[in-house]
Amino acid sequence: MVKYVLRRLLGMIPMLFLVSVVVFFLAKAMPGDSLSGEIDPLNTNPEYIEEMREKLGYNDSIPKQYWTWVSGFVQGDFGKSTRYKMPVADLIMEKVPNTIFLALTALIITYVLAFAMGMYSGRKPYTLGDNLIAGFNYTGLAIPSFVAGVFAIYFFAFKLHWFPFAGSVDIEVQNGTMEYWMSRIHHVMLPAFILGLFSTASYTQFLRNDLIENSRKDFVRTARAKGTPIKKIYNVHILRNSIIPLVTFLGFDIASLMSGAVITEKIFSYPGIGLLFLDSVTNRDYPTMMAITMMLSALVLVGNLVADILYGVVDPRIRLG
């Protein structure tokens with residue numbers, strides 16, 4: 001196991017290198033540069049613009065610019081945000097807690113709902129309840145998150161007034177108090193549900209189908225013949241085999257929820273990494289955009305590694321080496 005993890009970690013290095021090359025050249029291919037997003041070229045002295053471009057290294061050769069950026073990135077220097085006038089690392093650290101809180105809440109909602117609905121549908125297939133759950137799943141799979149988010153804001157925020165439509169916390173509450181955390185939970189519930197809607201529908205269907213398939217296998221018929229209670233058969237024998245795919249999906253969720261938060265945070269104006277990323281693209285804040293892209297790419301690789309490790313842990317038939 002240790003050798004496998006080390007081998008996979010070493011394999012991430014060339015992958016991250018290739019990602020960094022793609023990210024850098026995509027940023028260079030975009031119109032303008034960070035200085036263009038910081039000043040108005042029509043109302044600024046051309047000599048000042050040229051002086052700043054020279055100072056910031058925008059006139060250097062492409063290989064030198066790449067080496068300057070990637071060497072600083074490896075050392076933890078992500079550059080300075082041209083939009084917020086502060087180090088990108090500090091800016092990201094301000095937003096990361098909100099996105100992590102959103103992703104964890106979405107993860108909890110996803111697995112609780114998927115487990116409850118999947119267990120019910122798997123134990124009582126083709127009933128009215130199973131059909132209603134299937135209808136919910138197909139709706140969640142068919143509707144894009146940005147459409148579901150708009151409808152959720154309209155009905156649950158504007159019409160029913162159950163949840164706020166924007167922000168992460170009420171401005172009048174004091175940080176660290178019980179009211180503060182209750183406000184944060186109240187603000188995060190609706191975007192977290194929308195963020196995890198697709199995964200909830202998918203995992204419910206996976207669990208339902210696996211339960212039905214495993215309930216027809218020989219070891220289940222043997223357990224029934226021995227007089228084992230139906231509840232124990234489902235909760236111990238069948239569920240143990242059916243839950244393996246859901247456990248392995250946990251690794252992929254690490255990356256998918258963080259990257260999926262880009263659209264969700266924009267719809268709900270939730271101040272996290274996703275909203276910061278879109279704002280950096282709009283304002284040509286390339287240091288921030290490139291740092292977030294590299295961070296999300298690293299999370300994808302780490303998520304794949306975690307998924308493989310979990311698969312080897314929960315399924316004794318798999319041996320990692």
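Minimum heavy-atom separation, I194 to A148: CD1-O, 3.7 Å. Between Y66 and S20 the shortest heavy-atom distance is OH-OG, 2.8 Å.
For an aromatic pair to be called close, the ring centres must be under 6.0 Å apart, and F268 with F165 fails this.
There is a side-chain donor-acceptor pair under 3.5 Å between N98 and R184. Using modelled atom types and a 3.5 Å distance limit, the side chains of T99 and Y270 yield no donor-acceptor pair. Judged purely by distance below 3.5 Å, without hydrogens or angles, the side chains of S280 and D285 never pair a donor atom with an acceptor atom.
Residues I143 and Y138 fall into different hydrophobic clusters, defined by Ile, Leu, Val, Met, Phe, Trp and Tyr side chains chained together at heavy-atom separations under 4.5 Å. V188 and V169 are members of different hydrophobic clusters when ILVMFWY side chains are connected at heavy-atom separations under 4.5 Å. A continuous path of Ile, Leu, Val, Met, Phe, Trp and Tyr side chains, each step under 4.5 Å between heavy atoms, connects F155 with F146, placing both in one hydrophobic cluster. Hydrophobic clustering places M86 together with V88 (ILVMFWY residues linked when any side-chain heavy atoms are closer than 4.5 Å, directly or through intermediates). L141 and F115 fall into different hydrophobic clusters, where Ile, Leu, Val, Met, Phe, Trp and Tyr are joined by side-chain heavy atoms under 4.5 Å apart, directly or via other members.
A donor-acceptor pair under 3.5 Å is formed between the side chain of T68 and the backbone N or O of K64. The backbone N or O of M182 lies less than 3.5 Å from no partner atom in the side chain of H186, so there is not a single donor-acceptor pair. Judged by distance alone, with hydrogens and angles left aside, the side-chain atoms of T127 form a donor-acceptor pair with the main-chain N or O of K124 at under 3.5 Å.
F101 has its side chain within reach of I185: a pair of non-hydrogen atoms, C-beta onward, lies under 4.5 Å apart. Put simply, the side chain of Y180 does not reach to within 4.5 Å of the side chain of Q174, judged on heavy atoms. No side-chain heavy atom of Y203 sits under 4.5 Å from any side-chain heavy atom of L207. Within the 4.5 Å cutoff, the side chain of E179 has no heavy atoms near those of the D170 side chain. Contact of the E265 side chain with the P191 side chain is not registered, since no non-hydrogen atoms from C-beta on lie closer than 4.5 Å. A 4.5 Å side-chain heavy-atom check between V74 and S71 finds every atom pair outside the cut-off. With a 4.5 Å cut-off on side-chain heavy atoms, M290 and L26 do not count as touching. Using a 4.5 Å heavy-atom threshold, the side chains of L18 and V22 count as separate.
Remark: R83 fails to qualify as a cation-pi partner of F277 under the 6.0 Å distance and 45° angle criteria applied to the six-membered ring.
Taken to the nearest 0.5 Å, the OG atom of S183 stands 7.5 Å off from the CD atom of E172.
Using cut-offs of 30° and 60° on the angle between ring planes, the pair F73 and W69 is tilted.
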How far apart are the C-alpha atoms of F193 and L113, what are their side-chain angles, what is the distance that settles it, and do they pass the side-chain contact (heavy atoms from CB on, under 4.5 Å) test? CA-CA 10 Å; F193 176 76; L113 291 180; 4.0 Å; yes
